[in-house]
**Student:** 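Before we start, here is the structure in question, set down as structure tokens.
Per chain, numbering begins at 1; letters A, B, ... match sequence-line order.
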There are 2 protein chains.
Amino acid sequence: MATDEGTTRVARLHHILRGDVLRGVLTPGQPLRLAALAKTHDVSMSVVREALARLAEGNLAVLTPNHGYRVVEVSREDLVAITELRVILEADALRRSIEHGDVAWESAVVASHHVLERATPYLSDGPGSTQEWSDAHSAFHSALIAACDNPRMLAITRQLRDGAEIYRQLSDGNLRASSTTQAGERDIAAEHRELMELATARDPRVVEALQRHLQRTTDDLIGSGIFGEPRH
Amino acid sequence: MATDEGTTRVARLHHILRGDVLRGVLTPGQPLRLAALAKTHDVSMSVVREALARLAEGNLAVLTPNHGYRVVEVSREDLVAITELRVILEADALRRSIEHGDVAWESAVVASHHVLERATPYLSDGPGSTQEWSDAHSAFHSALIAACDNPRMLAITRQLRDGAEIYRQLSDGNLRASSTTQAGERDIAAEHRELMELATARDPRVVEALQRHLQRTTDDLIGSGIFGEPRH
DNA sequence: GTTTTCATGATTTTCGAAAACTTATTGCTT
DNA sequence: AAGCAATAAGTTTTCGAAAATCATGAAAAC
């Protein structure tokens with residue numbers, strides 16, 4: 001299946017660049033030069049420019065006047081800010097989702113969890129979590145809140161999830177350096193299973209479970225040393 | 001003072017178009033034709049296109065592939081969605097603001113409230129609330145939450161506020177048609193004064209006061225008949 | 001030795017037109 | 001008359017290059 005025609009070049013390039021930023025091919029702060037991108041993707045500079053404008057739309061790139069675009073910078077403060085918002089919004093979206101979700105929603109949650117459970121999380125020699133797992137993970141969290149009846153809330157949480165994904169990818173890159181992950185030693189698969197079971201059972205405690213899940217992930221990310229060692 | 005040089009044409013046009021959408025010069029659903037806009041604003045089509053891309057960034061315009069941009073549509077459901085999010089996020093931003101705000105913040109709140117209080121809300125023959133009042137109103141709400149320590153939260157609430165402003169402007173356009181505003185007969189100035197006083201006193205009840213304020217505004221907007229008469 | 005000025009190169013920003021696409025219209029066939 | 005292909009007009013999308021802006025470094029001035 002060619003994921004090609006039927007859409008504009010800008011949209012295609014935007015999709016490619018978004019993926020490159022999310023999987024860390026383009027690193028935070030890196031300048032996004034028009035001529036270079038135009039050449040490597042065999043497209044006009046105008047197309048690159050508009051694709052970058054759409055990246056900026058999702059807070060994945062920033063524009064400085066007369067200096068062009070660059071990949072968005074990362075910081076401990078920003079990761080904390082993103083997480084605070086996700087704990088508020090994604091939790092509320094989940095609350096609404098288990099309230100309004102129908103059988104099709106339940107089924108999608110179970111299905112996406114199954115894909116996530118079967119995905120290979122790490123490659124023994126790879127650079128971190130696999131693309132397969134990242135995609136499945138994103139799809140699962142997306143499915144959980146899909147039945148929320150506030151479209152704007154979904155759009156915002158999707159954007160925040162993208163922002164957080166950059167940090168996860170960054171941590172993956174550092175994984176081989178820092179020996180083991182952390183003392184607490186999480187069982188992430190178990191957390192996901194719990195989310196799936198509570199959600200499909202319409203148990204309101206799933207909301208707090210998600211909040212803990214998000215908070216732990218951020219704590220681990222910060223603990224993994226992507227911002228340099230934590231202050232004493 | 002020329003608000004002209006020192007910035008790019010795209011940025012200038014974006015600022016103009018954003019204002020036109022917010023004050024209802026460009027009406028919801030209206031197609032934004034490149035050639036026409038390029039001619040009236042005396043710039044190239046590329047500039048228009050990128051300015052529109054930035055409008056879409058703030059959810060003020062939408063792009064359909066091969067059909068170009070148009071002003072974002074409005075609906076009762078969307079206004080409700082925006083309000084739900086504002087009640088959650090703007091309230092939390094205010095809670096953080098009264099917690100972290102310093103004297104400079106207090107001063108800015110008092111100052112912006114003073115400007116709002118002195119602004120002429122309506123012109124007897126005008127099309128609705130004055131631009132002066134709208135700007136002052138926006139500045140006041142912005143000042144209230146300015147001391148929030150989560151930049152992303154501020155960015156999102158600003159975007160939501162823009163979205164809501166379209167509906168307010170729409171209601172203004174209908175004002176002369178529907179005789180009086182509503183039965184409840186609000187004293188909006190009093191509500192703003194209460195917000196100002198509670199906020200500068202760091203009274204936590206200001207959070208609920210803001211939530212009530214936002215909810216009432218939306219209820220009035222819906223009651224004003226901008227979506228046609230409310231279902232019986 | 002330090003600062004300022006001025007060219008040079010690199011990059012962004014803007015332009016005007018060609019190409020692609022969508023919709024409406026015309027003219028032909030049945 | 002109705003249906004359909006072909007054409008035309010209008011609009012978006014893409015291109016390639018010109019114009020404007022910013023960074024670099026050398027030469028000149030203090």
Side-chain angles (χ1 to χ4, degrees), chain A residues 1-21 25-73, chain B residues 1-21 25-73:
Chain A
M1 47 170 146
T3 170
D4 213 29
E5 280 306 324
T7 174
T8 68
R9 295 189 193 215
V10 171
R12 289 199 291 271
L13 181 58
H14 166 66
H15 187 258
I16 293 176
L17 292 179
R18 175 176 174 277
D20 284 353
V21 172
V25 177
L26 300 170
T27 63
Q30 174 178 348
L32 298 163
R33 297 255 155 66
L34 296 173
L37 288 173
K39 196 164 190 177
T40 58
H41 293 92
D42 192 38
V43 83
S44 150
M45 275 180 15
S46 318
V47 172
V48 176
R49 182 159 248 271
E50 189 161 330
L52 292 177
R54 291 197 201 173
L55 268 195
E57 190 173 324
N59 268 302
L60 263 36
V62 292
L63 169 70
T64 347
N66 290 323
H67 288 266
Y69 292 88
R70 62 178 191 283
V71 180
V72 67
E73 306 269 2
Chain B
M1 46 168 145
T3 170
D4 212 32
E5 281 306 325
T7 175
T8 67
R9 296 187 191 213
V10 171
R12 289 199 291 273
L13 181 60
H14 166 65
H15 187 257
I16 293 175
L17 293 179
R18 175 176 174 276
D20 284 352
V21 172
V25 177
L26 300 169
T27 63
Q30 173 177 349
L32 298 163
R33 298 255 154 67
L34 297 173
L37 289 173
K39 196 164 190 179
T40 58
H41 293 93
D42 194 39
V43 290
S44 143
M45 276 179 14
S46 318
V47 173
V48 176
R49 182 159 247 271
E50 188 159 331
L52 292 177
R54 292 196 200 172
L55 268 195
E57 189 172 326
N59 268 301
L60 264 35
V62 292
L63 170 69
T64 338
N66 290 323
H67 289 264
Y69 292 88
R70 63 178 190 281
V71 180
V72 67
E73 305 269 3

**Student:** At less than 4.0 Å, is any side-chain N or O atom of A/Arg9 found next to OP1 or OP2 of D/dC15? Yes or no.
**Tutor:** yes
**Student:** Any heavy-atom pair between the side chains of A/Leu13 and A/Val48 that's under 4.5 Å?
**Tutor:**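 A/Val48 vs A/Leu13: side chains touch.
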**Student:** Taking NE2 from A/His14 and P from D/dT14, how many angstroms apart are they, rounded to a whole number?
**Tutor:** 14 Å
**Student:** Looking at the side chain of A/Ser46, which of D/dT12, D/dC15, C/dT14 is the nearest nucleotide?
**Tutor:**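 Of the options given, the side chain of A/Ser46 lies nearest D/dC15.
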**Student:** For B/Gly68 and A/Pro65, take the nucleotide of DNA chain D holding the closest heavy atom to each; which residue's nucleotide lies nearer the 5' end?
**Tutor:**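 Nearer the 5' end of the strand: B/Gly68.
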**Student:** When the distance from CG of B/Leu34 to C1' of C/dA20 is rounded to whole Å, what number comes out?
**Tutor:**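 That distance rounds to 15 Å.
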**Student:** Among C/dC15, D/dT11, D/dA17, which nucleotide has an atom closest to any side-chain atom of B/Val43?
**Tutor:**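 Selected nucleotide: C/dC15.
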**Student:** Nearest whole angstrom, please: distance from the P of D/dC22 to the CG of A/Leu63.
**Tutor:**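 The answer, rounded to whole Å, is 13 Å.
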**Student:** Between D/dG10 atom P and B/Met45 atom CE, what is the distance in whole Å?
**Tutor:** 15 Å
**Student:** Between atom CD in B/Glu50 and atom P in C/dT12, what is the gap in whole Å?
**Tutor:**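 Spelled out: CD on B/Glu50 to P on C/dT12 is 12 Å.
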**Student:** Taking A/Gln30 for the side chain and A/Thr27 for the main chain, is one N or O donor matched with an acceptor at less than 3.5 Å?
**Tutor:**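 Yes, the answer is positive, given that a donor and an acceptor are paired below the 3.5 Å cut-off.
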**Student:** B/Leu13 has an atom CG; how far is it from atom C1' of C/dC15, in whole Å?
**Tutor:** 15 Å
**Student:** Go nucleotide by nucleotide along DNA chain D from the 5' end; which of B/His67 and A/Ser44 gets its closest nucleotide reached first?
**Tutor:** B/His67
**Student:** Rounded to the nearest Å, what distance is computed from the CZ atom of residue B/Arg70 to the C1' atom of nucleotide D/dT12?
**Tutor:**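 Those two atoms, CZ and C1', are 14 Å apart.
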**Student:** A/His41 has an atom NE2; how far is it from atom C1' of D/dC15, in whole Å?
**Tutor:** 18 Å
**Student:** Using side-chain contact (heavy atoms from CB on, under 4.5 Å), reason through A/Arg70 and A/Thr64 one step at a time and then give a plain yes or no.
**Tutor:** CA-CA 8 Å; A/Arg70 62 178 191 283; A/Thr64 347; 2.9 Å; yes
**Student:** Indicate whether any N or O donor in one side chain lies under 3.5 Å from an N or O acceptor in the other, for A/Arg9 and A/Ser44.
**Tutor:**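 No, because no side-chain N or O of A/Arg9 sits under 3.5 Å from a partner of the opposite role on A/Ser44.
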**Student:** Respond yes when some side-chain nitrogen or oxygen of B/Asn66 is under 4.0 Å from OP1 or OP2 of D/dT12, and no when none is.
**Tutor:**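 Answer no for this pair, as no side-chain N or O of B/Asn66 is under 4.0 Å from OP1 or OP2.
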**Student:** Nearest to the B/Val10 side chain among D/dT12, C/dT14, C/dT12, which nucleotide is it?
**Tutor:** C/dT14
**Student:** Tell me if a side-chain donor or acceptor on B/Thr8 pairs with a main-chain N or O of B/Ala11 at a distance below 3.5 Å.
**Tutor:**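 Side chain of B/Thr8 to backbone of B/Ala11: a pair is present.
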